[in-house]
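For reference, the structure is listed below as structure tokens.
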Amino acid sequence: MTQKLDAYFGEFGGMFVPELLVPALEQLEQEFIAAQNDPAFKQEFESLLKEYAGRPTPLTLTRNFSPNPLAKIYLKREDLLHGGAHKTNQVLGQALLTKRMGKSRVIAETGAGQHGVATALACALLGLECRIYMGAKDCERQQPNVFRMKLMGAEVIPVDAGSGTLKDAVNEALRDWSATYEDSHYLLGTAAGPHPFPTLVREFQKMIGIEAKEQIVQAEGRLPDYVVACVGGGSNAIGMFADFIDEKDVKLIGVEPGGHGLSTLKHGATICKGTKGILHGAVTYIMQDDDGQIEESYSVSAGLDYPAVGPQHAYLHATGRAEYVAATDEQALEAFQTLCRCEGIIPALESSHALAHALDIAKAATEETIIVVNLSGRGDKDLAHVHRVLEQGGHYE
Amino acid sequence: MSNRYNQMFAKLKEQKQGAFVPFVTIGDPNLATSLDIIKGLIDGGADALELGIPYSDPIADGPTIQKANIRALEAKVTPKDCFELIKQIRQYNADIPIGLLLYSNLIFAKGLNDFYALCADVGIDSVLVADVPARESAPFKQMAEKHDVDAIFIAPPNGSEKSLKHIAEQGSGYTYLLSRAGVTGTETVANMPIETVIAALNNYNAPPALLGFGISQPEHVKAAIESGAAGAISGSAVVKLIETNLDNPTKMVTEITDFVRVMKAATGK
């Protein structure tokens with residue numbers, strides 16, 4: 001019981017939850033520390049990652065995507081992971097922790113359904129009861145993912161309260177957990193929320209950056225100039241950044257959803273445009289009005305549509321170690337199509353934000369530049385949506 | 001610290017009664033009706049008031065109080081309006097203890113110092129922050145103390161001896177004792193007895209315990225007091241009466257006043 005993790009990243013983070021949930025979070029912290037020091041746990045996690053999920057994922061040098069011969073753009077292929085996105089990594093870790101804690105039931109929130117699908121597959125695999133909270137509006141918009149979750153045995157609960165989107169699904173999962181923590185684990189979907197989730201999720205995602213670093217050094221004999229990832233809650237980005245944080249010459253760039261533009265109210269760029277506050281258990285940057293009421297975020301990509309951000313990203317921004325920029329819906333949709341045409345890879349709309357910024361860096365390069373982009377997920381889930389958007393505003397073609 | 005809670009508990013002891021404390025969200029369903037409702041709570045015999053400031057993301061609340069927050073926000077009620085309303089309540093009754101129950105971001109947005117200064121200014125006696133557990137409470141407690149406002153802590157049914165001791169030492173005014181896990185609401189009734197937690201709190205000289213969550217009937221109040229609590233808090237049951245009488249504010253206030261009267265009558269020892 002003596003060992004503890006730091007609950008804060010500078011002034012960001014913490015455990016701002018009802019007193020009732022503190023014992024559950026402290027139990028999770030203890031079990032996580034114990035698991036990290038347990039070779040058997042690590043071995044089981046690694047073998048699931050390798051034999052079930054398909055790690056390591058490749059690092060692909062794009063052939064035609066870079067607009068500038070001086071700039072090489074590499075993609076870390078989390079789109080090839082089982083489940084179609086990086087989310088599978090940490091879900092397997094948390095599902096193993098659930099079993100280790102002797103809990104039999106998992107609850108989770110989901111926005112577009114990707115984390116819900118990942119949670120459902122891990123629960124099916126490991127024999128855990130699974131309940132997913134999903135905004136009622138999102139359930140309608142993401143029918144195929146609701147079906148996927150149900151196929152894998154999960155119960156999907158539409159949340160009507162509030163805006164009927166991701167933040168309300170988180171609220172509802174927290175409410176469930178405060179009544180059920182004795183036999184249930186809340187399997188949070190990103191590197192945000194109360195301590196220990198930001199740390200735990202980072203540790204269960206950091207193989208992305210560890211592999212990418214080895215792979216780029218093998219391919220190029222040196223570290224990259226830029227590492228780029230999209231940031232909603234921030235799990236794929238923190239997984240990608242973690243092993244590069246101490247490499248001071250590597251520029252870390254997080255790309256937030258710029259929606260209709262940062263000068264409008266329709267975006268989800270919490271670091272670029274938000275202010276400091278407390279949401280879902282942590283001090284971080286959030287979207288709020290002057291009174292502290294939480295505002296709705298917006299993005300064409302549901303996975304980035306969240307009015308807060310992981311506290312370690314807030315810290316990396318505040319200390320200047322990482323830079324956070326935004327890509328608009330339009331820029332992301334353009335990059336989406338460019339990757340499809342140039343490389344035969346259909347990226348997730350989330351990852352397309354990172355791709356859009358990588359294109360900007362490449363265009364501006366005046367000397368040899370190596371860029372590694374985390375291609376955090378594949379775009380199959382976005383096809384119907386993108387099809388509709390492109391039909392409505394043909395100018396993207 | 002303000003003396004209103006001490007005076008209330010001393011008086012109740014003399015009268016051999018426990019406290020009945022109703023909760024409503026300020027501005028539910030709108031400011032004007034809310035003022036009448038809160039006056040009605042006092043007229044019905046409430047010993048103290050617990051008042052919420054509407055918030056967009058009330059994670060510790062069940063469906064009934066969530067809807068109260070939504071109604072108040074839809075009526076465009078702001079924290080500033082809430083403080084104005086409390087001023088009016090203070091004019092209506094100078095002695096009743098008034099506690100605020102709210103979420104941390106509303107305090108954070110205002111700035112801790114300014115927020116607690118304003119509380120003191122309008123005559124608020126205590127503040128309970130639903131999503132600030134004891135381990136994060138230091139800066140809030142410090143500002144509360146600076147402005148002579150009691151910081152209320154929640155004693156959970158699953159609290160360890162260590163955490164109950166901490167809560168006992170940090171709290172002042174009263175201790176908010178949870179009857180059960182979960183969120184606010186009458187869907188799950190209070191889980192009693194709670195004697196062991198009360199014994200631990202008494203052992204560490206905690207402020208008097210008021211039992212909350214799932215208190216909707218006079219029998220719950222009676223059982224809470226028989227278990228050794230100094231009183232009971234009832235929120236969702238009161239708010240339900242707002243919800244069911246939205247089309248008739250007069251009837252709403254009458255029913256709420258009657259409800260408080262019946263609940264208060266169950267506090268005799």
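Protein chains get the first letters and strands the later ones, always in sequence-line order, with residue 1 at the start of each. All figures in this text were calculated on a predicted structure; none of them were measured in a lab.
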Under 4.5 Å from a heavy atom of chain A, the part of [X] involved:
X      : answer
B:F108 : side chain
B:L73  : side chain
B:P54  : backbone
B:I70  : side chain
B:N69  : neither
B:I167 : side chain
B:Y176 : neither
B:A130 : backbone
B:L178 : side chain

When rounded to the nearest 0.5 angstrom, what distance separates [atom1] in [X] from [atom2] in [Y]?
X      : Y      : atom1 : atom2 : result
A:Y298 : A:H260 : OH    : NE2   : 3.5 Å
A:D183 : A:K103 : CG    : NZ    : 8.0 Å
B:L85  : B:I26  : CG    : CD1   : 6.0 Å

query = Under 4.0 Å between a Lys/Arg side-chain N and an Asp/Glu carboxylate O for A:E140 and A:K137?
reply = no

message = Does this structure show an ion pair linking B:R71 with B:E74, if we count only N-O contacts that are shorter than 4.0 Å?
response =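 Looking at B:R71 and B:E74, the cut-off is not met.
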
Part of [X] within contact of chain B (heavy atom distance under 4.5 Å):
X      : result
A:D176 : neither
A:E295 : neither
A:E182 : neither
A:V170 : neither

request  = Report yes if the distance between the aromatic ring centroids of A:Y285 and A:F12 is under 6.0 Å, otherwise no.
outcome  =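 Ring centroids of A:Y285 and A:F12 are less than 6.0 Å from each other.
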
key: Side-chain (A:D289) to main-chain (A:Q293) donor-acceptor, under 3.5 angstrom   = yes

Partner chain A: residue of [options] with the largest heavy-atom pair count (under 4.5 Å):
options                       : value
B:I107, B:D131, B:T78         : B:D131
B:N105, B:L106, B:I53, B:V183 : B:N105
B:G62, B:A155, B:A60, B:A109  : B:A109

ask   = Cation over ring, B:K141 on B:F153, under 6.0 Å and within 45°?
value =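 Here B:K141 fails the 6.0 Å and 45° test against B:F153.
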
query = Can B:K240 and B:S236 be said to form a side chain to side chain contact (heavy atoms under 4.5 Å, CB included), step by step?
reply = CA-CA 6 Å; B:K240 268 262 161 65; B:S236 296; 5.5 Å; no

note = Answer key: most heavy-atom pairs under 4.5 Å with chain B among A:P18, A:P23, A:G281 is A:P18

ask   = Given the options A:D168, A:L21, A:L174, A:D291, which has more heavy-atom pairs under 4.5 Å with chain B than any of the others?
value = A:D291

task = Answer yes if the side chains of B:S34 and B:D28 hold a donor-acceptor pair under 3.5 Å, and no otherwise.
result =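 No, no side-chain donor-acceptor contact under 3.5 Å.
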
remark   = Closest heavy-atom pair, A:M287 versus A:H267, reported as atoms and distance to 0.1 Å, is CE-O, 3.4 Å

